[in-house]
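Reviewing the structure listed below.
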Amino acid sequence: MLTMNIEPDLFSPYEMGRTKLRNRLVMSPMGRRRAHESGTPSELMAEYYGQRASAGLVITESTHPALHGKGQPGSPHLFSEADKRSWAKVVSAVHDAGGTVFVQLMHSGSAGHHSVNGGRQPLAPSPVRPRETTKVDGEVVEYPVPREMAVEDIRRVIAEYTASAALAIDAGFDGVELHVGNGFLPQQFLASGSNRRTDEFGGSPRNRCRFVLDLVRALSGTIGAERVGFKISPGFSVNQVEEIDALETYTHLLRHPDMAGLAYCHTSAFSDAAMLGWIADNWRGTWIHNVGINPTVSAQAVRDKLLAALNRGADLVSVGRVFIANPDLVERLEHDWPLAIPEESSFYGGGAAGYTDYPASRHLIAK
Ligand SMILES: Cc1cc2nc3c(=O)[nH]c(=O)nc-3n(C[C@H](O)[C@H](O)[C@H](O)COP(=O)(O)O)c2cc1C
């Protein structure tokens with residue numbers, strides 16, 4: 001019998017539901033803290049994302065659906081008409097270059113801070129203060145103890161997410177990515193360490209999944225399930241989200257019929273290995289895996305790592321830091337061109353330096 005051995009190919013197109021992606025490489029969300037003080041995205045952000053539009057899918061940095069969900073200065077908002085108008089310029093920059101772009105929606109929950117969130121006590125499933133510290137005006141400070149969300153707070157926050165998602169679609173985004181990882185509000189609900197509630201939103205894995213499932217249903221009802229993706233980092237403990245039963249909790253979540261029709265499941269590099277195995281065997285929708293790549297390696301090494309993830313069953317692979325200094329990463333990987341190394345001191349905050357001034361290879365070759 002003739003058998004065909006089809007190698008997964010990073011550079012072939014992929015149909016994610018009705019969204020056609022031109023290759024399998026995804027730009028992973030990265031907060032670069034260059035929004036205006038008002039929270040509206042800056043012109044520089046449009047230039048930055050436009051430069052990286054040759055990725056099959058660009059996912060923006062974490063963006064707040066409400067001011068009380070903010071934890072750091074410089075991170076962008078998406079809850080006003082002004083935010084929408086500025087995001088529309090980012091979207092145009094990516095679309096004009098032939099790309100596809102989702103916005104990542106993120107509520108910090110207990111990792112919020114009154115210095116940037118309108119002076120309010122942060123909201124969380126339970127009054128559990130993150131063990132980590134944060135910085136305010138360059139000074140290291142502790143997080144405040146958050147306020148336990150009443151059921152009305154939960155309903156209001158879900159309504160804020162859906163209003164933000166509707167604005168995202170009006171701004172032209174191809175979809176939204178719900179940030180359910182890295183210890184922020186949705187993961188704080190999933191994890192027993194940060195969720196000590198005794199009502200229907202706490203206790204068993206089933207109850208701890210309720211917030212995320214209610215949120216997903218509301219978002220799907222507003223913008224359509226095929227335009228909602230989500231990112232998870234099962235087992236990644238930060239902000240007191242200790243997950244002692246990650247496999248049980250996330251299998252309950254991902255088996256739920258309301259998750260099945262979503263645009264994609266995006267797994268972080270810091271995910272529990274058993275859970276990744278479960279996803280490889282059981283998740284029937286699009287799976288984006290964030291491999292985790294040291295940005296000092298060669299194009300060949302990056303390609304090998306990405307192909308290995310495709311071989312393990314991922315449909316798409318996401319890359320973070322390597323994209324920072326290599327706006328034309330797709331072309332560099334295709335042609336085996338050298339990779340530039342990003343400067344870490346300009347990851348967060350600042351202007352064009354270390355943000356939009358990394359040149360594309362063609363520009364270097366033309367010189
Ligand atoms: C500067 C920076 C900002 C990040 N911000 C976000 C974020 O806003 N949302 C998110 O889901 N992950 C964020 N991450 C994590 C990345 O998306 C990615 O998962 C991580 O960097 C590992 O992938 P890499 O090794 O390819 O960089 C950030 C990472 C970096 C380096």
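Note that ligands are numbered from 1 as they come in the structure, with each ligand's atoms numbered from 1 the same way. A quick note: this is a predicted structure, and the numbers were derived from the prediction, not measured.
A parallel orientation is assigned to the rings of Tyr48 and Tyr355, their planes being inclined by less than 30° (bins at 30° and 60°). Ring pair Phe211/Tyr161 is perpendicular by interplanar angle, where above 60° counts as perpendicular and below 30° as parallel. Between His266 and Tyr264, the ring planes lie perpendicular to each other; the angle is over 60°, past the 30° to 60° tilted range. Note on ring orientation: taking the six-membered ring where Trp is involved, the planes of Phe184 and His179 are perpendicular (angle over 60°, cut-offs 30° and 60°).
Protein heavy atom at the shortest distance from atom 2 (C) of ligand 1 is Tyr348 OH, 3.4 Å. When only non-hydrogen protein atoms are considered, atom 5 (N) of ligand 1 lies nearest to Gly31 N, 2.8 Å. The closest protein non-hydrogen atom to atom 13 (C) of ligand 1 is Pro29 O, 3.0 Å. Scanning the protein for heavy atoms near atom 31 (C) of ligand 1, the closest one is Arg321 CG, 3.5 Å. For atom 26 (O) of ligand 1, the closest heavy atom belonging to the protein is Gly320 N, 2.8 Å. Protein heavy atom closest to atom 30 (C) of ligand 1, with residue, atom name and distance, is Met30 CG, 3.8 Å. Regarding atom 8 (O) of ligand 1, its nearest protein heavy-atom neighbour is Ser62 OG, 2.9 Å. Closest protein heavy atom to atom 9 (N) of ligand 1: Gln104 OE1, 2.8 Å.
Using a 3.5 Å distance cut-off with no hydrogens or angles, the side chains of Asn117 and Arg120 do not pair a donor with an acceptor. Side chains of His68 and Glu160: a donor on one and an acceptor on the other come within 3.5 Å.
Only side-chain heavy atoms of His179 come within less than 4.0 Å of ligand 1; its backbone N, CA, C and O stay farther off.
Cluster annotation: Trp278 is connected to Val212 through the hydrophobic network of ILVMFWY side chains, with a link wherever side-chain heavy atoms come within less than 4.5 Å.
Considering both main-chain and side-chain atoms, Ile293 comes within under 3.5 Å of ligand 1 through a nitrogen or oxygen pair. Considering backbone and side-chain atoms alike, Lys231 places an N or O below 3.5 Å from some N or O of ligand 1. At under 3.5 Å, not a single nitrogen or oxygen of Ser318, backbone or side chain, sits near a nitrogen or oxygen of ligand 1.
Taking the charged nitrogens against the carboxylate oxygens, Asp328 and Arg332 do have a contact shorter than 4.0 Å, which makes a salt bridge. Using a 4.0 Å cut-off between charged nitrogen and carboxylate oxygen, Asp245 and Arg208 count as a salt-bridge pair.
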CA sep, side-chain torsions, deciding dist, call: Glu142, Arg129, salt bridge (charged side-chain N to carboxylate O under 4.0 Å, His left out): CA-CA 9 Å; Glu142 289 197 328; Arg129 179 214 295 264; 3.1 Å; yes
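Atoms of ligand 1 found under 4.0 Å from any heavy atom of Val319 (numbered from 1 in listed order, with element): 26 (O). With ligand atoms numbered from 1 in the order given, ligand 1 contributes 25 (O) to contacts under 4.0 Å with heavy atoms of Gly292.
Within the structure, the closest approach of Val322 to ligand 1 does not fall below 4.0 Å when heavy atoms are considered. Using a 4.0 Å cutoff on heavy atoms, Ser268 does not count as a contact of ligand 1.
Among Asn290, Val291, Asn182, the residue whose heavy atom lies nearest to atom 18 (C) of ligand 1 is Asn290.
Sparse packing is recorded around CD of Glu43, with 12 or fewer heavy atoms of other residues, nucleotides or ligands lying under 6.0 Å away.
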